[in-house]
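To start, the structure itself, in structure tokens.
Lettering follows sequence order; numbering is per chain, from 1.
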Number of protein chains: 2
Amino acid sequence: MATQVEPRPRDRNPLTKERVLQAAVELADRGGLEVLTMRNLARELGAEAMSLYYHVANKEAVLDGVLDVVMGEINEAVSKVDGPAAGEDWKTLMRARILAAREVLLGHRWAPRVIETRTSISPATMRYFDEVLGVLRSGGFSYDLAHHAMHALGSRALGFTQELFEPENSHEGDEDIAGAMAEMADHFPHLTGMMIEVAHDDPDSTLGWCDDQFEFEFGLDLILAGLDGLRKTG
Amino acid sequence: MATQVEPRPRDRNPLTKERVLQAAVELADRGGLEVLTMRNLARELGAEAMSLYYHVANKEAVLDGVLDVVMGEINEAVSKVDGPAAGEDWKTLMRARILAAREVLLGHRWAPRVIETRTSISPATMRYFDEVLGVLRSGGFSYDLAHHAMHALGSRALGFTQELFEPENSHEGDEDIAGAMAEMADHFPHLTGMMIEVAHDDPDSTLGWCDDQFEFEFGLDLILAGLDGLRKTG
DNA sequence: ACCTGAACACCGTTCAAGT
DNA sequence: ACCTGAACACCGTTCAAGT
């Protein structure tokens with residue numbers, strides 16, 4: 001009769017808070033936020049959902065935790081730009097740091113939505129914004145102006161913006177596209193005018209034509225330039 | 001034996017899509033997004049949850065619908081500023097319109113979170129952004145620059161920004177506040193420095209001291225000024 | 001100390017059935 | 001045409017119980 005020869009891998013790899021959070025990040029990366037359920041997360045770890053509660057208080061704690069992991073990655077990424085950009089002016093440094101943070105967030109597309117729902121700020125997030133404030137201060141900002149500056153940047157300071165028009169490619173009724181265009185031109189003359197011009201300049205891209213990265217940098221540079229002006233005059 | 005004398009009010013007030021959506025908006029206004037469930041919504045209307053599905057496809061359709069109601073309110077509100085602000089420059093007009101939109105959103109605090117999750121844009125939203133584009137065009141913006149401008153404004157064009165630090169007033173361990181402050185000063189020197197200065201200037205408000213409306217207008221004016229500069233030069 | 005089974009109170013939704 | 005009851009496949013979570 002064969003007895004247990006090997007302990008199951010699980011036995012040598014007990015659950016920890018860190019393993020739970022790491023698995024949660026990977027699960028969200030792979031399947032998005034809606035597949036990140038306690039039951040799925042447990043299955044991922046070869047355990048039962050209820051076992052998770054020994055290591056995390058509840059699902060809110062999981063969400064706090066995965067965000068902390070991401071913010072840790074961001075802090076690590078931005079720390080690497082601090083050295084090379086040491087002698088630079090505040091604007092160049094801030095820009096490089098924010099784009100580095102954005103790079104990390106692009107690897108965790110679900111993270112902004114978690115940020116939005118957080119009710120408290122983790123130490124890692126505090127550290128990030130403390131450093132943002134530090135960069136502003138080193139550029140000569142008063143606390144008061146720096147405070148407004150951080151609000152003005154908002155989520156852009158972390159490398160993301162609220163996208164209002166996610167393409168998601170509907171294309172429901174491709175056939176009556178001419179009629180739809182005509183009706184659209186009636187109701188939304190400016191938007192159609194813009195799209196016509198875009199289609200004319202670059203016939204390949206009628207929709208899904210927005211370059212997110214370009215637009216992010218455009219808006220970021222606009223705000224940074226504006227803040228730099230206020231710094232000098234006020 | 002008493003027979004039915006009066007028809008129940010429900011009989012004279014059958015469900016319609018409009019009634020469902022109106023009730024959904026009121027429910028969310030009262031209890032927030034998490035109480036807006038199909039079952040609660042049905043109870044609100046004196047019906048069963050399953051009855052709703054005769055009038056709306058599913059919950060996504062309800063969310064699309066409530067946002068459409070809000071966007072309708074916004075379009076109505078901004079249309080009232082168009083008249084008085086007729087002769088104004090684009091920046092003044094845009095500012096007034098956006099602040100009017102914000103006013104509406106402040107009455108539906110849950111709306112931004114619904115906006116973020118929408119996958120398609122309703123006609124009412126299209127109309128709003130068509131008019132935003134119209135204002136930019138009337139100010140002399142090229143389609144190209146106007147397009148970047150709309151991205152730069154982002155959700156600010158609708159009157160809201162992603163708040164990163166909702167106060168929510170934790171105040172967990174009020175007793176050891178001095179020790180906590182000291183430790184915080186170690187880890188987050190700039191943030192504590194800022195808070196100390198704020199507390200010094202205005203001793204009443206240690207936390208919850210951010211004036212959302214002021215910060216919104218500050219950021220908005222910064223962007224509008226920046227865009228106006230680009231409009232003139234390029 | 002660490003994990004689990006059964007159970008509870010919710011979700012959104014389908015489908016056949018009522019009037 | 002309009003509404004509903006019963007049922008399904010999910011949630012997060014508690015609690016007593018296992019090792």
Side-chain angles (χ1 to χ4, degrees), chain A residues 3-4 6-25 27-28 30-67 110 113-114 116-120, chain B residues 3-4 6-25 27-28 30-67 110 113-114 116-120:
Chain A
T3 54
Q4 294 168 323
E6 296 235 39
R8 305 200 320 285
R10 304 300 165 215
D11 298 346
R12 312 182 65 244
N13 215 0
L15 289 182
T16 63
K17 187 177 174 184
E18 285 65 38
R19 277 193 69 220
V20 169
L21 296 181
Q22 196 51 50
V25 168
L27 185 57
R30 235 169 36 239
L33 223 44
E34 61 280 0
V35 319
L36 178 51
T37 68
M38 297 302 269
R39 283 171 167 87
N40 282 345
L41 181 51
R43 176 153 2 101
E44 205 73 5
L45 291 157
E48 298 301 315
M50 302 73 203
S51 310
L52 302 176
Y53 287 85
Y54 191 81
H55 299 94
V56 295
N58 48 33
K59 180 154 187 194
E60 277 298 288
V62 172
L63 293 175
D64 286 344
V66 291
L67 187 56
W110 44 269
R113 246 174 313 148
V114 175
E116 290 160 13
T117 60
R118 284 319 78 200
T119 178
S120 62
Chain B
T3 54
Q4 295 169 323
E6 294 237 37
R8 305 202 318 289
R10 305 298 165 214
D11 297 347
R12 313 182 63 244
N13 214 2
L15 289 181
T16 63
K17 187 177 175 184
E18 286 67 38
R19 278 193 69 220
V20 169
L21 297 181
Q22 196 51 50
V25 168
L27 185 57
R30 237 169 33 238
L33 221 46
E34 61 280 2
V35 318
L36 178 52
T37 68
M38 297 302 268
R39 284 170 167 87
N40 282 343
L41 181 52
R43 176 153 2 102
E44 205 73 5
L45 291 158
E48 299 301 316
M50 302 74 204
S51 310
L52 302 176
Y53 287 85
Y54 190 82
H55 299 94
V56 296
N58 48 32
K59 181 157 186 191
E60 278 299 288
V62 173
L63 293 175
D64 286 343
V66 293
L67 187 56
W110 45 268
R113 247 173 313 149
V114 174
E116 290 160 14
T117 61
R118 286 318 80 200
T119 178
S120 63

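With rounding to whole Å, B/Leu52 atom CG is found 14 Å from C/dC11 atom C1'. One interatomic measurement links the two molecules: CZ of A/Arg19 to C1' of C/dC2, which rounds to 13 Å at whole-angstrom precision. In this structure, A/Glu48 places its CD atom 7 Å from C1' of C/dT4, rounding to the nearest Å.
Here B/Lys59 contributes atom NZ and B/Leu36 contributes atom CG; the two are 5.0 Å apart, rounded to the nearest 0.5 Å. Between the OG1 atom in A/Thr16 and the CD atom in A/Gln22 there is a gap of 10.0 Å [rounded to 0.5 Å]. Note: A/Leu21 CG to A/Leu27 CG = 12.5 Å, rounded to the nearest 0.5 Å.
A/Arg19 and A/Pro14 make their closest contact through NH1-O, 3.2 Å (heavy atoms, listed as atom of the first residue, atom of the second, distance). Nearest heavy atoms, B/Leu41 versus B/Val62: CD2-CG1, 4.2 Å. Nearest heavy atoms, B/Ala61 versus B/Val56: CB-CB, 4.3 Å. Across all their heavy atoms, A/Tyr53 and A/Asn58 have their closest contact at CE2-CA, 3.9 Å. Heavy-atom minimum distance, B/Val66 versus B/Ala24: CG1-CB, 3.4 Å.
Stems are defined here as 3 or more consecutive Watson-Crick or G-U wobble pairs with pairing distances under 3.5 Å; those involving DNA chain C are C:4-8 with D:12-16, C:12-16 with D:4-8.
The side chain of A/His55 contributes an N or O atom lying less than 4.0 Å from OP1 or OP2 of C/dC3. Taking only side-chain nitrogens and oxygens, A/Tyr54 never comes nearer than 4.0 Å to OP1 or OP2 of C/dC3.
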Atom pairs, N/O to N/O, protein against nucleotides 17-19 of chain C, distance under 3.5 Å?
none

Nucleotides 12-16 of chain D: which of its N/O atoms have a protein N/O under 3.5 Å away?
residue, atom, partner, partner atom, Å
D/dG12, OP1, A/Met38, N, 3.4
D/dG12, OP1, A/Lys59, NZ, 2.9
D/dG12, OP2, A/Met38, N, 3.1
D/dG12, N7, A/Arg39, NH1, 2.6
D/dG12, O6, A/Arg39, NH2, 3.2
D/dT13, OP2, A/Tyr53, OH, 2.9
D/dT13, OP2, A/Lys59, N, 2.8

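Residues B/Glu48 and B/Met38 have side chains not in contact (no heavy-atom distance under 4.5 Å, counting atoms from C-beta outward). In this structure the side chain of A/Arg113 never reaches within 4.5 angstrom of the side chain of B/Arg113, judged on heavy atoms.
Under the 3.5 Å distance criterion, the side-chain polar atoms of B/His55 are matched with a main-chain donor or acceptor of B/Leu15.
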